[in-house]
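This report concerns only the one structure given below.
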Amino acid sequence: MPNSRTLEGKHALVTGGGRGIGAAIARQLVAAGAHVTVLGRRLDVVQALADELPEQVHAVAADVANAEQVHAAFEAARARFGAISILVNNAGQAHSAPFLKTDAALWNQMLSVNLTGSFLCTQAALPDMVQARWGRIVNVASTAGLAGYAYVAAYCAAKHGVIGMTRALALEVAKKGITVNAVCPGYTETDILKDSIANVMAKTGRTEAQAREEFTAGNPQGRLVQPDEVADAVLWLCATSAASITGQSIAVCGGEVMV
Ligand code: NAP
């Protein structure tokens with residue numbers, strides 16, 4: 001029986017695919033039959049995932065904010081598995097600071113990794129999709145792309161920008177068989193969150209349990225989102241059967257944000 005979730009014959013590239021949400025997405029794409037290139041700054045981290053399934057997964061190193069490195073990594077990906085049909089812009093960083101302590105370096109870093117990185121990778125992958133008249137772009141934004149949160153103005157601005165880019169590009173390629181969507185996780189159990197919990201403990205003297213409670217309190221389900229829950233939403237958007245869903249921002253956050 002044909003399965004609309006089958007991604008056999010597709011080449012997916014997942015940025016920040018070596019750990020956290022990106023690794024969960026890469027694993028689910030592999031399980032759906034796609035060939036997957038995982039991209040990260042440190043080759044050893046992405047290579048460890050590729051070594052689990054060397055026939056289906058290829059690792060490349062690049063900083064998504066560096067145009068030359070992105071170009072070289074996408075060329076290497078094409079050389080291994082052919083034209084790219086699915087791009088998941090997942091690489092990201094979330095640093096916090098009160099607004100008046102947000103210096104230009106922090107501001108630029110948040111914009112360059114989260115927003116410019118998604119722009120550069122999308123420019124690198126889109127010509128393949130236009131040529132094939134089929135493509136899926138999924139941007140892993142955040143609930144911080146849909147609502148404001150204190151102490152993360154730079155991150156919030158970058159993720160709102162990702163959603164703006166998603167909406168504009170979705171319209172631009174709507175007649176070319178390409179969909180462009182965003183997935184917006186709430187607080188999800190990964191290294192980013194471990195760092196945020198450590199940051200709260202260091203700055204406020206709270207215990208780990210108290211700091212953790214701060215992150216679960218905003219979720220109406222009273223828990224952290226799991227990486228596989230985000231990956232499942234990404235996989236759904238990549239399916240052939242999701243062809244009518246474009247320009248959307250799907251919140252995966254237990255009801256924390258409703259749009
Ligand atoms: P994570 O475990 O810290 O993973 C981040 C990934 O991004 C790593 O694979 C990292 O790879 C990669 N990365 C960071 N900077 C990069 C750069 N300049 N170039 C290339 N790769 C880079 O975090 P995560 O929670 O899985 O986050 C994944 C995405 O979800 C991010 O966009 C984040 O903003 C978003 N998100 C997370 C949460 C959450 O609570 N966890 C909530 C909402 C949205 P290397 O360090 O190995 O290069």
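Keep in mind the model is a prediction, meaning the values are calculated, not measured. For ligands, and for the atoms within them, numbers begin at 1 and follow the listed sequence.
The number of heavy atoms from other shown groups lying within 6.0 Å of OH (Tyr151) does not exceed 12.
Considering each of Ser118, Gly92, Gly145, the one bringing a non-hydrogen atom nearest atom 7 (O) of ligand 1 is Gly92. Comparing Gly40, Ala94, Gly186, Ala144 against atom 38 (C) of ligand 1, the shortest heavy-atom distance belongs to Gly186. When Gly20, Ala65, Ala91 are checked for heavy-atom proximity to atom 21 (N) of ligand 1, Ala91 turns out nearest.
Below 3.5 Å of separation, one finds an N or O of Asn90 facing an N or O of ligand 1. Polar contact with ligand 1: absent for Ser142 (N/O pair, distance under 3.5 Å). Geometrically, ligand 1 and Tyr187 share no nitrogen or oxygen pair separated by less than 3.5 Å. When only interatomic distances are considered, the shortest N/O to N/O separation between Gly16 and ligand 1 falls below 3.5 Å.
Not one N or O on the side chain of His71 forms a donor-acceptor pair closer than 3.5 Å with the backbone of Ala67. Side chain of Glu208 to main chain of Met201: no donor-acceptor pair is present (N/O by atom type, distance under 3.5 Å, no hydrogens or angles). Under a 3.5 Å cut-off, the side chain of Thr188 and the backbone N or O of Pro227 do not form any donor-acceptor pair. Checked by atom type and distance alone, the side chain of Asn199 never pairs as donor or acceptor with a backbone atom of Asp195 at under 3.5 Å.
Using a 4.0 angstrom heavy-atom cutoff, Pro227 does not count as in contact with ligand 1. The shortest heavy-atom distance from Ala141 to ligand 1 is under 4.0 Å. The closest approach between Thr15 and ligand 1 stays at or above 4.0 Å for every heavy atom of the residue. The shortest separation from a heavy atom of Tyr155 to ligand 1 is under 4.0 Å, placing the residue in contact. Ser196 does not count as a contact of ligand 1, since none of its heavy atoms falls under 4.0 Å from the ligand.
Within ligand 1, counting atoms from 1 as listed, the ones closer than 4.0 Å to a heavy atom of Ala62 are 19 (N), 20 (C). Numbered from 1 in the order shown, with element, the atoms of ligand 1 that lie under 4.0 Å from a heavy atom of Ile21 read 25 (O), 26 (O), 30 (O), 37 (C). Distances below 4.0 Å separate heavy atoms of Arg42 from the following atoms of ligand 1: 47 (O), 48 (O).
Of the heavy atoms in Val113, only side-chain atoms (C-beta onward) come closer than 4.0 Å to ligand 1. Contacts between Glu189 and ligand 1 below 4.0 angstrom, taking non-hydrogen atoms only, are absent altogether. Contacts between Arg41 and ligand 1 below 4.0 angstrom, taking non-hydrogen atoms only, involve backbone and side chain alike. When non-hydrogen atoms are compared, ligand 1 lies under 4.0 Å from the side chain of Thr190 (C-beta onward) but not from its backbone.
Taking every heavy atom of both residues into account, Ala77 and Val60 meet most closely at N-CG1, 4.4 Å. Looking at every heavy atom in both residues, Ala170 comes nearest to Val180 through CB-O, 3.8 Å. Nearest heavy atoms, Cys238 versus Val138: SG-CG2, 4.1 Å.
Geometrically, Lys176 does not engage Trp134 in a cation-pi contact defined by less than 6.0 Å to the ring centre and at most 45° from the axis.
Considering only non-hydrogen protein atoms, atom 10 (C) of ligand 1 sits nearest to Arg19 NH2, 3.7 Å.
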